[in-house]
> 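Attaching a single structure in structure tokens format; questions to follow.
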Amino acid sequence: MRICVAMAAAALGASMALAPYARAAVSVEEAQQLNTNLTPMGAERAGNAQGTIPAWTGGYTTPVQGYQPGRPRPDPFSGEKPLFSITATNLSTYAAKLPEGAKALFSKFPDYRMDIYPTHRTAAAPQWVYDNVFRNATRARAASGGIAYGVEGAAGGIPFPIPKNGFEVVWNHLLAFWGPAREAHLSTYVISPNGTAELTTAYREIADFPYYYPNASADSVGGYYFKTRHLEDGPPVKVGEGYLAWQPLDTQRYKFSAWRILPGEHRVRKGPSLSYDTPDPDASGYENLDEYYVFFGGLDRYNFKILGKQEMVVPYNNNRFYTRPVKEVAGPAHANPDDLRYELHRVWVIEGKLADGKHHVAPRRRLYIDEDTWFAVYSDSWDEKGRLWKFAHGTMYLVPDLPAVVLGSQFVYDLLLGGYVYGFAFNDEPVQYKITPPHPESAFTPATFAAQAVR
């Protein structure tokens, strides 16, 4: 894989041998780059030499006239046509701009295709987020147990806009900007190797990001950056199940916390946390819990190393995708190429290899993290025999009312057994990804969770 090392020389020079340990925040002078050659989020402000990636000029913040919160958001680029398509025939020409998992799909499925559109750097954030990112740059640091376990001194924006090691880049992904809170009705579908699609769960979610609450500070944010509550209402066999989870900023100080409720029990039980390689019970074995949002949960089972930065074609500005029905976008072998939009963007390439004394069913992973938003857009995973096993990709969603580009629905492919899971799906919903004010703290307690589930 050809790696573009622009902007990554300092990171590549930092040995990963010291990555799990604390480091000093960047100097005020270094942080000033966020006002000059870097965007307020730490991306390269300039475009590329070829002009195929434009300069960042503030992102897409145009308000949608008459927009009702939660309704499907329009596609501002609906009139554009693909510049070209990548197919199995011309794959070798573009292989350097693709993750390993995508190349495997081209090899397995002759009809697999990527339609490449003009690049639009639509990523934006409110000014208060930019202000917090600048403060975090000079204050954020590893937790006392090391960067593999947590972050201190940050709130309200990604903690490491000028990262020095792979752990910091992955923490930026985990703490990327979604807004303070959301509500949605979501579904998970499993498409088996024979092409049969099954709805395995449908649920109402509320989710809060205390890390992004208004006026949150490093001192006030608390021990958990993300809290979510799922109450399942489909298919019939799943009605009445529920899940509550809290994700900690420091996994040694504030342990992962999760609770489940099952129909008929009327009480809450401790459940597996949304982390590590516990199989997702709603994905029929096709997805582990730390494959939510491409990568989620604890970092400490891996040593994460920066390989560099690279120009890659990634699924971006996919608003049209969410207007198409699930039965169309979830094809019998792979996502329907007609519905996905790909653009050329720069990504951080991060490789995680199993840490000493740790275990994971995927001992090697590679994450591709968008420089403008810090969301992971792709993930490659290898099994214990060194075989390329899983490939995940998101569908980046333009949300002008935040404003932001966020990680939306995702596909996780099992490249060895065949089949895939389509998760965080809200295509068929009349209300999609509704941005809300923070919910009451009581909404995420086990007692309230049990009461809501019984209803």
Side-chain angles (χ1 to χ4, degrees), residues 1 3 5 7-26 99-101 140-152 154 158-176 247-253 255-256 273-278 288-310 347-369 371 374-392:
M1 179 178 64
I3 300 294
V5 295
M7 267 287 296
L12 285 168
S15 168
M16 292 301 103
L18 298 179
Y21 304 103
R23 72 158 177 100
V26 303
E100 297 305 309
R141 59 191 181 275
S144 58
I147 191 66
Y149 297 98
V151 174
E152 295 177 353
I158 55 105
F160 305 111
I162 306 174
K164 303 300 184 182
N165 60 63
F167 288 95
E168 294 182 354
V169 177
V170 179
W171 271 113
N172 285 348
H173 159 70
L174 294 177
L175 297 174
Q247 298 295 303
L249 272 169
D250 181 342
T251 60
Q252 288 189 326
R253 186 177 178 189
K255 301 300 183 184
F256 291 103
S273 65
L274 289 177
S275 192
Y276 304 126
D277 52 2
T278 302
N288 297 325
L289 292 177
D290 66 357
E291 290 172 316
Y292 278 27
Y293 312 123
V294 181
F295 179 82
F296 198 56
L299 283 66
D300 57 288
R301 295 193 181 178
Y302 292 100
N303 287 320
F304 285 105
K305 179 179 181 180
I306 296 174
L307 298 186
K309 286 182 77 175
Q310 181 179 356
V347 301
W348 291 88
V349 184
I350 308 298
E351 185 153 286
K353 292 187 176 179
L354 198 64
D356 291 344
K358 302 288 187 176
H359 177 269
H360 197 287
V361 294
R364 178 186 173 201
R365 300 173 86 155
R366 189 174 292 168
L367 303 175
Y368 304 83
I369 296 178
E371 70 164 346
W374 296 99
F375 282 112
V377 288
Y378 290 131
S379 170
D380 295 322
S381 300
W382 287 261
D383 70 4
E384 294 174 336
K385 296 181 179 179
R387 299 175 297 181
L388 183 61
W389 174 28
K390 297 274 195 76
F391 172 56

> Once you round to the nearest 0.5 Å, how far does CG of D250 lie from OG of S144?
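Atom-to-atom, D250:CG and S144:OG are 5.5 Å apart.
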> Tell me if a side-chain donor or acceptor on T251 pairs with a main-chain N or O of G298 at a distance below 3.5 Å.
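A pair under 3.5 Å: no.
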> Would you mind telling me which of W348, F295, W171 makes a ring-ring contact (aromatic ring centres under 6.0 Å, His included) with F304?
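Output: one option passes, namely F295.
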> Looking at residues at least two apart in the chain, or sitting in another chain, which of them share a side-chain hydrogen bond (donor to acceptor under 3.5 Å, both in side chains) with Y293?
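Applying side-chain hydrogen bond (donor to acceptor under 3.5 Å, both in side chains) to Y293 gives R182.
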> Are any non-hydrogen side-chain atoms of I350 and K305 less than 4.5 angstrom apart?
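A side-chain contact is absent here, since even the closest heavy-atom pair is not under 4.5 Å.
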> Quick one: are I147 and L299 in side-chain contact, heavy atoms under 4.5 Å?
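They are not in side-chain contact.
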> Would you please name every residue forming a side chain to side chain contact (heavy atoms under 4.5 Å, CB included) with A355, sequence neighbours left out?
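Expected list: N303, K358.
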> Supply the atom-to-atom distance L175 CG to E168 CD, rounded to the nearest 0.5 angstrom.
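One gets 12.0 Å once the value is rounded to the nearest 0.5 Å.
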> Any heavy-atom pair between the side chains of I158 and H173 that's under 4.5 Å?
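Sidechains of I158 and H173: no contact.
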> Which residues pass the side chain to side chain contact (heavy atoms under 4.5 Å, CB included) test with K255, sequence neighbours left out?
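Per chain and number, K255 pairs via side chain to side chain contact (heavy atoms under 4.5 Å, CB included) with no residue.
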> Taking all non-hydrogen atoms of both residues, which atom of F167 and which atom of A148 are closest, and how far apart?
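Where F167 meets A148 most closely, the heavy atoms are CE2-CB, 3.5 Å.
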> Mind checking what makes ring-ring contact (aromatic ring centres under 6.0 Å, His included) contact with F256, not counting sequence neighbours?
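F256: ring-ring contact (aromatic ring centres under 6.0 Å, His included) contacts with Y276.
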> Please determine whether a side-chain nitrogen of the Lys or Arg among R301 and D356 lies less than 4.0 Å from a carboxylate oxygen of the Asp or Glu.
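Looking at R301 and D356, the cut-off is not met.
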> Under the rule for side-chain hydrogen bond (donor to acceptor under 3.5 Å, both in side chains), what residues qualify as partners of Q247, not counting sequence neighbours?
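Listed in chain order: nothing, the list is empty.
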> With sequence neighbours excluded, tell me which residues meet side chain to side chain contact (heavy atoms under 4.5 Å, CB included) with A154.
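Result, side chain to side chain contact (heavy atoms under 4.5 Å, CB included) vs A154: N136, A140, V151, P159, Y211.
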> Classify the angle between the aromatic ring planes of Y378 and Y368 as parallel (below 30°), tilted (30 to 60°) or perpendicular (above 60°).
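Rings of Y378 and Y368: perpendicular, over 60°.
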> Using distance alone, with no hydrogens and no angle criterion, decide if H359 and E384 have a side-chain donor and acceptor under 3.5 Å apart.
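Distance-only check passes for H359 and E384.
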> Which heavy atom of S379 sits nearest to which heavy atom of S381, and what is that distance?
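Minimum heavy-atom contact is OG-OG, 3.9 Å.
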> State, yes or no, whether a side-chain contact exists between Y292 and S275 at a heavy-atom distance under 4.5 Å.
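SC-SC contact between Y292 and S275 ruled out.
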> Show your working on side chain to side chain contact (heavy atoms under 4.5 Å, CB included) between N288 and V361 and close with a plain yes or no.
CA-CA 9 Å; N288 297 325; V361 294; 3.5 Å; yes
> Give the C-alpha distance, both sets of side-chain angles, the deciding distance and a yes or no for side chain to side chain contact (heavy atoms under 4.5 Å, CB included) between H360 and D290.
CA-CA 11 Å; H360 197 287; D290 66 357; 2.7 Å; yes
> Taking the basic N atoms (NZ, or NE/NH1/NH2) and the acidic carboxylate oxygens, is any pair closer than 4.0 Å for K390 and E291?
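Result for this pair is yes, salt bridge flagged.
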> Determine whether D277 and L289 make a side-chain contact, defined as any pair of heavy atoms from C-beta on separated by less than 4.5 Å.
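Answer no - side chains too far apart.
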> Are side-chain heavy atoms of V377 and V294 found at a separation under 4.5 Å?
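Side-chain contact under 4.5 Å: no.
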> Of the non-hydrogen atoms in W374 and P161, which two are nearest, and what is the gap between them?
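Result for this residue pair: CZ2-O, 3.9 Å.
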> For F375 and N172, run side chain to side chain contact (heavy atoms under 4.5 Å, CB included): C-alpha distance rounded to whole Å, both residues' side-chain angles, the deciding distance at 0.1 Å, then the answer.
CA-CA 8 Å; F375 282 112; N172 285 348; over 6 Å; no
> Hey, mind stepping through R365 and W382 against side chain to side chain contact (heavy atoms under 4.5 Å, CB included) and telling me if it holds?
CA-CA 6 Å; R365 300 173 86 155; W382 287 261; 5.8 Å; no
